[in-house]
Amino acid sequence: MSRAIQVAVIVSTRQAKSGVRGILGDALKVAVSAPPEGGRANAELIKVLERAFSVRRADVVIVAGHASRRKKVMLKGVDEARVRGVTTAV
């Protein structure tokens, strides 16, 4: 069975550049350029995490907080060390 981890994510929308910005407390900070309307920010969040962790789109699932800045995201094929390490690689 593949690894999976649930990660708390804080999303900042309408930013100039999308990407992982670091860790704030227990959450991964992610900036997206899309507005939080019509699911566009959530779609872009998935794309950012997909690229940052080199996983397939199906391996990134928003499990809670669809309409909130603070979300819970399931990352399949990723472990905690990789989550902490991605902030230095982006």
Side-chain angles (χ1 to χ4, degrees):
M1 187 169 201
S2 68
R3 301 171 298 211
I5 186 171
Q6 275 197 22
V7 179
V9 177
I10 298 173
V11 180
S12 296
T13 59
R14 298 179 191 210
Q15 300 300 303
K17 188 173 179 184
S18 297
V20 177
R21 298 290 184 248
I23 295 176
L24 178 62
D26 67 338
L28 194 62
K29 289 176 31 177
V30 179
V32 297
S33 58
E37 299 154 354
R40 291 187 288 185
N42 286 342
E44 189 170 338
L45 170 64
I46 290 170
K47 287 180 188 176
V48 167
L49 295 176
E50 176 186 3
R51 284 191 309 262
F53 293 105
S54 300
V55 295
R56 298 173 307 141
R57 182 172 305 237
D59 294 333
V60 181
V61 179
I62 300 172
V63 294
H66 288 82
S68 173
R69 283 182 28 125
R70 191 165 179 88
K71 303 176 186 303
K72 284 279 187 194
V73 177
M74 174 73 70
L75 298 171
K76 298 175 186 170
V78 177
D79 60 19
E80 185 175 345
R82 198 160 158 208
V83 170
R84 296 220 176 265
V86 76
T87 58
T88 59
V90 174

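Side chains are part of it too, since the values below use all heavy atoms of this structure and drop only hydrogens, waters and symmetry mates. Numbers here simply count residues along the sequence, with the first being 1.
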Euclidean distance, [Y] [atom2] relative to [X] [atom1], rounded to 0.5 Å:
| X | Y | atom1 | atom2 | value |
| --- | --- | --- | --- | --- |
| Glu44 | Glu50 | CD | CD | 12.0 Å |
| Ser33 | Arg40 | OG | CZ | 10.0 Å |
| Gln6 | Lys71 | CD | NZ | 14.0 Å |
| Asp26 | Ile10 | CG | CD1 | 7.5 Å |

For residues [X] and [Y], report the shortest heavy-atom separation together with the two atoms involved.
| X | Y | answer |
| --- | --- | --- |
| Ile5 | Asp79 | CD1-C, 4.2 Å |
| Thr13 | Ala34 | CB-O, 3.4 Å |
| Val55 | Lys76 | CG1-O, 3.8 Å |

Find out whether Val63 and Val73 are in side-chain contact, i.e. whether some heavy atom of one side chain is under 4.5 Å from a heavy atom of the other.
->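 No; the side chains remain at least 4.5 Å from each other.
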
Mind running side chain to side chain contact (heavy atoms under 4.5 Å, CB included) on Val7 and Lys72 for me, showing each step along the way?
-> CA-CA 6 Å; Val7 179; Lys72 284 279 187 194; over 6 Å; no

Leu75 and side-chain contact (heavy atoms from CB on, under 4.5 Å): which partner among Val83, Val9, Leu28?
-> Val83

Is [X] linked to [Y] within one hydrophobic cluster, defined over Ile, Leu, Val, Met, Phe, Trp and Tyr using a side-chain heavy-atom separation of less than 4.5 Å?
| X | Y | value |
| --- | --- | --- |
| Met74 | Val48 | no |
| Val78 | Ile62 | yes |
| Val61 | Ile46 | no |

Taking Arg14 for the side chain and Pro35 for the main chain, is one N or O donor matched with an acceptor at less than 3.5 Å?
-> no

Quick one: do Leu49 and Val30 satisfy side chain to side chain contact (heavy atoms under 4.5 Å, CB included)? Show the steps, please.
-> CA-CA 9 Å; Leu49 295 176; Val30 179; 4.1 Å; yes

Can you list the residues that meet the salt bridge (charged side-chain N to carboxylate O under 4.0 Å, His left out) rule with Glu80, with sequence neighbours excluded?
->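 By the salt bridge (charged side-chain N to carboxylate O under 4.0 Å, His left out) rule, Glu80 matches Arg84.
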
Start with the C-alpha distance between Arg69 and Ser12, add both sets of side-chain angles, then the distance that settles side chain to side chain contact (heavy atoms under 4.5 Å, CB included), and finish with yes or no.
-> CA-CA 7 Å; Arg69 283 182 28 125; Ser12 296; 4.3 Å; yes

